[in-house]
Amino acid sequence: MSAKKKQAELIEEISGVNPLKCMKCGKCSASCPSYNEMDIKPHQFVSYVINEDVESLVNSASLWKCLSCFACVERCPRDVKPGKLIDAARQMVVRQKEQTYLSPDEIPELLDPELPQQLLVSAFRRYRR
Amino acid sequence: MQELINRAKELLNDGTVARVLGWKAGDLPYNPEPAFFESAESLKDFVYNGFCGANLSKYMIEASKLEGKTLVCLKPCDTYSFNQLIKEHRVDREKAYIIGVGCKGKLDIEKIRNQGVKGIESIEGAEIGDGADELKIQTIYGEKTVAYADAMLERCHVCKGKEHKIYDEEIFESKETKDGERFDEVSRIEKMSPAEKFAFFQKELSKCIRCNACRNVCPACSCRKCVFDSNKFDSSQKANVDSFEEKMFHIIRAFHVAGRCTDCGECSRVCPQGIPLHLFNRKFIKDIDELYGEYQAGDDTDSKAPLTNYTFEDAEPSIVGKRG
Amino acid sequence: MQRIGVFVCHCGSNIAATVDVAKVAEMALMEPGVVHAEDYQYMCSEAGQAKIADAIHEKKLSGIVVCSCSPRMHEATFRKAAERAGLNPYMVEIANIREHCSWIHKDMEEATKKAVILMRAAVAKVNLNTPLQPGESRVTKRALIIGGGIAGIQTALDIADAGYEVDIVEKTPSIGGRMSQLDKTFPTLDCSACILTPKMVEASAHEKINIYTYSEVENVSGFVGDFTVDIRKKARSVDMDKCTGCGVCQEKCPSKKAPSEFNRGLNNRSAIYTPFAQAIPNVPVIDREACIKFKTGKCGICSKVCQAGAIDYEQKDEIITEKYGAIVVATGFDTINLEKYDEYAYSQSKDVITSLELERVMNAAGPTHGHLERLSDGKAPKEMVFIQCVGSRCADDRGKPYCSKICCMYTAKHAMLIRDKYPDVNVTVFYIDVRTPGKNFDEFYRRAVEQYGVNYIKGQVGKVIPQPNGKLLVQGSDLLDNRQILKEADMVVLATAIEPNPDVRKIATMLTASIDTNNFLTEAHAKLRPVESPTAGIFLSGVCQGPKDIPETVAQAGAAAVKAIGLLAKDKLLTNPCTAHSDELLCNGCSTCENVCPYGAITYEDKEVNDHGIREVRRLAVVNSALCQGCGACTVACPSGAMDLQGFSNRQIIAEVDAICR
Amino acid sequence: MSIENKNFRPKIVAFCCNWCSYAGADLAGSSRLSYPADVKVIRVPCSCRVNPMFILRAFEKGADGVIMCGCHPGDCHYSTGNYYARRRMTLLFSMLDYIGVENGRTRVEWVSAAEGVKFSDTMNSFVEKIYSLGENVRLGDLRCRS
Amino acid sequence: MYKIAKENLSALFRLIADSQELYLPVKTAGQVNFAAWSEEADVALDALKTVKSPKDAFFPQSEGLYTVRREGKKMKVEPESLKEADFVVFGMKACDVKGLEVLDNVFLTDPVDTFYAARREHGTVVALACHEPEESCFCKVFGVDAADPAADVAAWMIGEDLYWKALTEKGEALTGKVKELFSDADEGEVEAEKEAIHAIVEKLPYMNLSLEGWNGDALSEKFDDKLWEELYKPCLACGTCTFVCPTCQCYDIKDYNTGNSVSRYRCWDSCMYSDFTMMAHGNNRTSQMQRFRQRFMHKLVYYPANNDGMYSCVGCGRCVEKCPASLNIVKVIKAFQKQGGEK
């Protein structure tokens, strides 16, 4: 199996998304508040994964422009949820860098009342799978 | 007991009933037999004591075909069977005058024998009126005492309650005998490994002599002709060469009465080899209770039986492997 | 002992390439009862069938096993062949050595071994087969149509024209259905009412057609050819015979606050009302929920103004029981509830409407008398946005997984009509795909783009945001230009998914007709029997079977009519002889079987039996073989084994089990 | 449980209802979706026609596994047949488990006429399971094994 | 006469079992029945009565007769071989030994039942005197001496010893094989035990049961008696009495289809069953009363008529203990006696 294919499969595994379900309606891009700042648009995330070009996705500006607002996740009629795909790509990057991500069980112990709520919610969103 | 005999005489004499179905004193202290009494005079042999374990509901199938009403003495657990038979149109309520007789637990002669009692001449303490805690037994080999509870049938230890589910009148006080949980034994087996389960039942069923006593005594096994007596299924009611037949017979029998079995315990009472046959029926009852909601056959005469009923959300058969 | 012939089919190379057919035939001769075995290229061919017939005659065969394709394919063929040769058709069994063997196994030895076992099982079964005679049941020459829309009307007209009595049961006060709510129809743009109304009139005037409006089917029993149906005629509170349809009562009615169903709740109607001007019958109904007389006991104005004296406050629901030979379901559709699509702001703004509501807006008889205006403030819109696929093609449970089929075309129609009548209005359509398979359909859509300048943008809308200035901000994306679009619109029209009429589930249960996960009625065969339900005598017309447009609906309505006529034309029906029957001597009369019979085919009788010399009256189960469909639920429920199923008897199935396990 | 007999080929009986599962099996065939030849299908009108006795009979006569397939709950051609079958089989399987017969030897699967793939997948996994369980020695009549 | 200490019995059993099969009372899942001896077997010599009688050592509840195998379109018949190995049945009681005599009259007279004959020929019976007879016993009524069983070997359990006395050639032969474990004993040592047993027997409630009026000539008188109509009523028509009985000898012949062959076997039948002696035309006993009557008429009238007055009951009392409805042969005999008394 090629490295590219492996990466694409990893994305599918982390996100739990089957990109083949996409019918290319574009509702994700229509819903995205960061659309204009993205080089690769939300509806394109899907085809990048299908085409096994995770590399470009990982190196894109979009990767860090996605707000994880999950509007696309909520509205996607096909259960494809591009927000989850880009989140998975981010996970990959994070994992590659330090390999020090937390397991969800560890979070409660690290809770600090000073921590901003936003951060917690964001963390839980990522780990809720 | 005289109270019951007097009442029976009254009802016979005033023409309310044409006969009395009860028990007749045996020729040994522990073997009264089910009997029909057609005259007030014959009632002198009537007996009702701790050894009157037989469930008379089944005899009412034939009695329902006779002219006139039959006075039938039913213990609390027997009334469930009677209700179930009404539901299945096998007995005629109008043909029965039911005297609900109280129950202080029924005795198992085998349990007495297993305590080393031999050569029995007389037994004291089994009378319904006594409510004794002990049985005094005179034997050829001397006097023995056995605690009443230690001589009781298994079913009485897990009694469903002393309430008559159907009756015209009630006679005699009952005494609570329940001191165990009905499904404990089933749960214990469920927890065994498949090999242990297999060994347990293999050992028990290897004793089976295919006498069909369990079937013939069972009020739910009231078929005019049992499938095991018919050549339609090519299944024998007699002994076969391979031990498979016993398993087949007991599983199918339990399945046929599933949802209809009131757990009256007669099968285990009559088995000459002491096979705990109720463990089959109770397994089904436990499963039905757990999977489809509590159901007690014979509680009433009109509810839908679990196997002729369903819900859209019923458990899938794969649950059997998942329950662990 | 039977004399069985075994016929092994090569099916060209379909079977013969993986199964040693000669060996199967050879092995067949070893089986008890088998006196003849042969193999042949195509058993289903005329020559193959002739071989079977010859063997029946020459070898005096009493039973036949054909080792071939699935019985679902050719069982009927071989049974007919046997029957022509004088053998009871139910003495034929099929061993499926194609679908269940040659097509799925590659190794010849293995496949042959399995084919032999399948053959043995079939032989073992035939050894126990008995000749069965189909029963006969009468056919009531009358059809019931459930639903009075265009599908129901067309089916009724076609059946009635063939000379059979037809009753239409319509739930609402008038026939006409969805089509009566439409303004124009695609792709010809003719006026919907102009083509529908004459059909409505024709139906009501037809001497063979009887219409029950404001009525519902309450109960169905019986079976193909002989259904008994209870119809509830809801109390109209108006005497149909006396009413002249003058309309004064509706004018004078003081209660005018009830939302008009016909206009999709966009305006109100009086408590006594006819849904629309061309309603048939033109007899109003009192909505007892809205009527002051019914609510307070005071008023009675309609009664006072009615010169015909037709108002009857005392009228009660009436149950009519009628017999039918065939039933056609034509219950149509509704649009889905949009509450799960809050992003489109349907509940937040009056100016976000469904396409069906737009039909009413565009219609001269509608709430705006045909003027295109915003429902919030009555202003003429300048920017209109159409959103396609709202709730259709949706993988989650918010919407429907299927394509609603009609939306692309009616949206093109709406866009075109608006651009035609109001050239200064800009029309934008957000689409995912534009689907136009159909005669003159794509041309129609292209005209909207090329001739009328409708702006089609590929990309679903993400959100509609009502603005403080009353405008609607539409956030979409243009996938082809790769840009996000924010557009201020005056009105947004949602091409809402359609779904089967919610009542269909209840009706399907009454008819024991199956429905799929989307509540569409299932057809007997997706390709070959598209207008029949798998339940005999039940036919499907219109959208109740699946999304379709008017021409398709009318075509299917005609097809359903033909199928119903085919049934009604028969005097007698042959019934499936594979039914349950009870052995009187074994029956306990316990009612267990009755409790599981889905057809109410089992009843109990007190009957005298002679049980080996014992004569007594017993309560016995009796199966009505005309009602019994042969599922076999009773056979397993029966504790004594008295109940058995012909054609699939206990002994036959056991023989198959034995043959497979040996 | 180890497989003693290396040449062990299980005998597997599959009861399929005429309307859904048998058609599903046909579809598996016409789609050329293979599954082991150890599976032999018996056609019954409905899953509710399958008497627990048939299943025990199969084991008696030497079957190593018995599977029953019917329409999905809610889709029964006879409306309710598979609901009854579901309860019957659940109780029967539970009883077999209770007396120590390996649970994997029996199975119920709902297969529609459109699910050729499911039919084939189901049979493949069921046969695999039976191979792993080996020969059925607990519920057969030994005379039929000779 | 020999004796052996009880504690050495397992050595005795091991030695016997070395050269032949050994059947003796074994407790399995709480019940004592005759079964093959093994090191693990829970031998229960103290049990007075096994649930089933030991008759199936000679007349098994079911046994194969022959197998018909299909070879192409031909049939091949493979008869079941007769018993060829010697075996020992240890611990039968006097009543059960007498029961064998009842069976012999049926199976060893012409035409001889070869299966039974082979087993009788190869079987050696070691009988045990009844140490503590019970209230259900009535063997004396049928002339059986519980204290002095008449088998190949008679044995007594007294105190800590088992006394052993060979009575036949077979018994001598068996004794020869195991003699090494025995020590000599005096016959006088068992006399006290015999007397004690006799004394107990005299006290048993059924021992004075009268068989007056029951004989081969009583056929029509008994057959037509109205009393049967009363007596049968509690009968559940199960086969318990027949299957625990040491003298019931009826069997049914059945076929079993294995798929590739048909094996014909015979199994005990019960006259209580509705298909007992079922024939092509149906059944000649259509009511339970008739079936009930059959059992007792056979034991007390028909059998004596054909066997010089010998009854086909040995008074073991198993039916007395096991009948689910508490019916039994004693109650039947008493009922007729009582009726006679009242007449």
Side-chain angles (χ1 to χ4, degrees), chain B residues 186 189-190 192-202 204-205 227-228 232-235 240-245 247-252 254-256 258-259 279-280 282-288 290-292 306-324, chain D residues 1 47-48 50-62 66-70 72-74 76 79-110 129 133 136-146:
Chain B
V186 175
I189 297 167
E190 282 172 344
M192 294 181 183
S193 72
E196 287 167 339
K197 288 174 185 172
F198 184 73
F200 173 81
F201 281 107
Q202 185 78 349
E204 288 293 348
L205 291 182
V227 289
F228 285 93
K232 280 198 158 187
F233 277 89
D234 190 16
S235 49
N240 211 327
V241 177
D242 191 271
S243 66
F244 171 80
E245 276 286 315
K247 272 176 246 167
M248 171 92 166
F249 173 75
H250 291 293
I251 296 170
I252 290 293
F255 193 87
H256 277 188
L279 292 179
F280 287 100
R282 262 187 219 160
K283 167 64 177 167
F284 278 140
I285 295 172
K286 183 169 179 277
D287 278 348
I288 287 167
E290 286 172 3
L291 296 171
Y292 312 126
L307 277 175
T308 60
N309 204 356
Y310 61 87
T311 67
F312 301 124
E313 303 81 19
D314 279 347
E316 292 296 325
S318 57
I319 194 172
V320 174
K322 291 175 192 153
R323 282 190 299 192
Chain D
M1 197 170 302
S47 51
C48 69
V50 179
N51 196 316
M53 253 173 146
F54 300 160
I55 289 170
L56 294 179
R57 175 76 170 205
F59 283 124
E60 173 190 357
K61 297 290 173 182
V66 182
I67 181 166
M68 184 188 92
C69 301
H72 285 267
C76 176
S79 311
T80 53
N82 51 9
Y83 289 125
Y84 297 121
R86 184 164 63 177
R87 284 198 170 189
R88 290 168 185 161
M89 292 307 140
T90 305
L91 290 184
L92 176 72
F93 293 179
S94 177
M95 178 55 80
L96 292 178
D97 176 66
Y98 182 65
I99 65 160
V101 176
E102 305 89 342
N103 180 254
R105 293 201 187 276
T106 49
R107 186 160 161 189
V108 164
E109 205 63 59
W110 311 118
K129 177 78 189 173
L133 290 172
N136 163 38
V137 289
R138 292 191 177 159
L139 202 61
D141 194 310
L142 294 177
R143 287 172 292 180
C144 300
R145 286 271 170 193
S146 61

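Below, all heavy atoms of this structure are taken into account, side chains as well, without hydrogens, waters or symmetry copies. Chain A is the first sequence line, chain B the second, and so forth, proteins listed ahead of strands; every chain is numbered from 1.
For B:Lys286, the NZ atom counts as densely surrounded, since its 6.0 Å shell holds more than 12 non-hydrogen atoms of other residues, nucleotides or ligands.
Proximity of D:Arg86 to B:Tyr310: side-chain heavy atoms (C-beta onward) are nowhere separated by under 4.5 Å. D:Leu56 has its side chain out of reach of B:Phe255: every pair of non-hydrogen atoms, C-beta onward, lies at least 4.5 Å apart. The shortest distance between side-chain heavy atoms of D:Met53 and B:Val227 falls below 4.5 Å. Residues D:Asp97 and B:Glu190 have side chains not in contact (no heavy-atom distance under 4.5 Å, counting atoms from C-beta outward). No side-chain heavy atom of D:Met95 sits less than 4.5 Å from a side-chain heavy atom of B:Asp287. Between D:Ile99 and B:Phe280 the shortest side-chain heavy-atom distance falls below 4.5 Å. Using a 4.5 Å heavy-atom cutoff, the side chains of D:Arg138 and B:Pro194 are in contact. Between D:Asp141 and B:Lys247 there is no side-chain heavy-atom pair separated by less than 4.5 Å.
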Could you go step by step and tell me if B:Val320 and D:Leu96 meet the side chain to side chain contact (heavy atoms under 4.5 Å, CB included) rule?
CA-CA 10 Å; B:Val320 174; D:Leu96 292 178; over 6 Å; no

Is there a side chain to side chain contact (heavy atoms under 4.5 Å, CB included) between B:Tyr292 and D:Leu91? Walk through the geometry before answering.
CA-CA 11 Å; B:Tyr292 312 126; D:Leu91 290 184; 4.3 Å; yes

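The structure places CZ of D:Arg87 at 8.5 Å from CG of B:Leu291, a figure rounded to the nearest 0.5 Å. In this structure, D:Asn51 CG and B:Ile252 CD1 are separated by 6.5 Å, a value rounded to the nearest 0.5 Å. Distance CE/D:Met89 to CD/B:Glu316: 13.0 Å, rounded to 0.5 Å. To the nearest 0.5 Å, atoms OG1 (D:Thr80) and CZ (B:Phe312) are separated by 9.5 Å. With rounding to the nearest 0.5 angstrom, the OG1 atom of B:Thr308 is 6.5 Å from the OH atom of D:Tyr84.
No part of B:Ser193 comes within reach of chain D, as not one of its non-hydrogen atoms sits under 4.5 angstrom from that chain. For B:Glu196, no part lies near chain D; criterion is any non-hydrogen pair under 4.5 Å. Contact of B:Glu204 with chain D is not made at all, since no heavy-atom distance falls under 4.5 Å. With a threshold of 4.5 angstrom between heavy atoms, B:Ala315 approaches chain D through N, CA, C or O but not through any side-chain atom. At a 4.5 Å heavy-atom cutoff, the contact between B:Leu279 and chain D is made by backbone and side-chain atoms alike.
When the candidates D:Met68, D:Glu60, D:Arg107, D:Arg88 are compared by the number of heavy-atom contacts under 4.5 Å with chain B, D:Glu60 comes out ahead. Note on D:Tyr98, D:Trp110, D:Tyr83: by heavy-atom pairs under 4.5 Å with chain B, the leading option is D:Tyr98.
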